[in-house]
Amino acid sequence: MKKIYEKLYSYYGPQKWWPIIQKKPTKQQKISEIIIGTILTQNTSWKNVEKALNNLNKNHLLSFKNIKKTKTEKLARLIKSSGYYNQKADRLKLIADFYINNDLTKLSTEQLRNKLLTLKGVGNETADSILLYAFNRPIFVIDSYTKRIFSRMGFCNNNITYEELQNLFMQNLKKDIILFKEYHALLVKLAKEFCKNKPLCKKCIFSKSCKKLFK
DNA sequence: GGCCAGGCGGCCC
DNA sequence: GGGCCGCATGGC
């Protein structure tokens, strides 16, 4: 596990994920931008999400207080480029209310995770992304890329559950927040560049060690 | 033009 | 517990 990380890191370097839209954000602004980003990026390419985030930022809407005051229809219009915009607009409203009405900072990671999962629009990956990137809790984020890469490498089956794959990482790595953040981001990078749906194994940096070699 | 993107909820069985 | 569907834009 650690060796794969080190190889990725030495090849790609740090990924600088989140937050990226606002200049010199306060702590609150960082948290809201990250949480909003996790919702918008669900099954959507990051470029489309960036446009939506910039639109929100121009309208001072990377803020849960302001989202709460804004009509769903207006939000939907502004985030149109991120796809599923009606659903996502609804869910931004829900999470804004949730954030404003709850003091989340005192909860344990477990408690916070369970609370997040009660929200419509927040599943395993989104909850863990929020925990790790917005609240700096040591939890490893699994996504479809992670599963694809590690099943191809031979570490797991393709039908492994979210929890099982997450445990595999958590049990074999130090609980290091910086490491968890970078590792997930680096896996996304690898999946986009080499370990695609139609993989580019010959060029891939893991072509020698990976079990599944596609032509 | 088809496929895919940093998923999720609501169904159904 | 799994399998399928709707949600939707934009880039390649």
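All values reported here derive from a predicted model rather than from experimental measurement. Proteins get letters first, then strands, A, B, ... in listed order; numbering begins at 1 in each.
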What's the closest nucleotide to the side chain of [X] if the choices are [options]?
{"X": "A:Tyr85", "options": "C:dT9, B:dG6, B:dG9", "result": "C:dT9"}
{"X": "A:Arg148", "options": "C:dT9, B:dA5, B:dG10", "result": "B:dA5"}
{"X": "A:Tyr84", "options": "B:dC4, C:dT9, C:dC7", "result": "C:dC7"}
{"X": "A:Asn197", "options": "B:dG6, C:dA8, B:dC4", "result": "B:dC4"}
{"X": "A:Lys51", "options": "C:dG10, B:dA5, B:dG6", "result": "C:dG10"}

Take the protein atom [atom1] of [X] and the nucleotide atom [atom2] of [N], then report the distance between them rounded to whole Å.
{"X": "A:Leu117", "N": "B:dG7", "atom1": "CG", "atom2": "P", "value": "16 Å"}
{"X": "A:Glu193", "N": "C:dC12", "atom1": "CD", "atom2": "P", "value": "15 Å"}
{"X": "A:Glu125", "N": "B:dA5", "atom1": "CD", "atom2": "C1'", "value": "12 Å"}
{"X": "A:Asp143", "N": "B:dG7", "atom1": "CG", "atom2": "P", "value": "6 Å"}
{"X": "A:Gln87", "N": "B:dG9", "atom1": "CD", "atom2": "P", "value": "9 Å"}
{"X": "A:Ile20", "N": "B:dG6", "atom1": "CD1", "atom2": "P", "value": "13 Å"}
{"X": "A:Lys147", "N": "B:dG6", "atom1": "NZ", "atom2": "C1'", "value": "15 Å"}
{"X": "A:Asn48", "N": "B:dG7", "atom1": "CG", "atom2": "P", "value": "13 Å"}

Just to be sure I understand the rule, does [X] reach a base, reach only the sugar-phosphate, or reach nothing, if contact means heavy atoms closer than 4.0 Å?
{"X": "A:Lys196", "value": "nothing"}
{"X": "A:Leu40", "value": "nothing"}
{"X": "A:Thr126", "value": "sugar-phosphate"}
{"X": "A:Asn124", "value": "sugar-phosphate"}
{"X": "A:Ser129", "value": "nothing"}

Within the distance-only criterion (no hydrogens, no angle test), does the side chain of A:Lys211 pair as donor or acceptor with the backbone N or O of A:Arg152 below 3.5 angstrom?
no
Is it true that the side chains of [X] and [Y] contain a donor and an acceptor less than 3.5 Å apart?
{"X": "A:Arg113", "Y": "A:Asn124", "answer": "yes"}
{"X": "A:Gln166", "Y": "A:Asp128", "answer": "yes"}
{"X": "A:Tyr12", "Y": "A:Glu182", "answer": "no"}

Assign each of A:Arg91 and A:Thr38 the nucleotide of DNA chain B bearing its closest heavy atom; nearer the 5' end lies the nucleotide of A:Thr38
Of A:Lys47 and A:Val122, the one whose nearest nucleotide on DNA chain B sits closer to the 5' end is A:Lys47
By centroid distance (under 5.5 Å) and plane angle (under 30°), are A:Tyr145 and B:dA5 in a stacked arrangement?
no
Would you say whether A:Trp46 stacks on B:dG6? The test is a distance between ring centres of less than 5.5 Å and an angle between planes of less than 30°.
yes
Atom [atom1], compared across [N] and [M]: separation rounded to whole Å:
{"N": "C:dC5", "M": "B:dC4", "atom1": "P", "answer": "16 Å"}
{"N": "C:dC4", "M": "B:dG6", "atom1": "C1'", "answer": "23 Å"}
{"N": "B:dG10", "M": "C:dA8", "atom1": "P", "answer": "15 Å"}

Hey, any chance A:Ile79 and A:Tyr84 share a hydrophobic cluster, counting ILVMFWY side chains that come within less than 4.5 Å of each other, even indirectly?
no
How close do A:Met1 and A:Tyr183 get, heavy atom to heavy atom, and via which atoms?
O-OH, 2.8 Å
Angle class for the A:Phe64/A:Tyr99 ring planes (parallel below 30°, perpendicular above 60°, tilted otherwise)?
tilted
May I ask you to evaluate whether A:Asn86 reaches the phosphate of C:dA8, defined as a side-chain N or O under 4.0 Å from OP1 or OP2?
yes
I want to check one thing: is the phosphate of B:dG7, taken as OP1 and OP2, less than 4.0 Å away from some side-chain N or O of A:Ser144?
yes
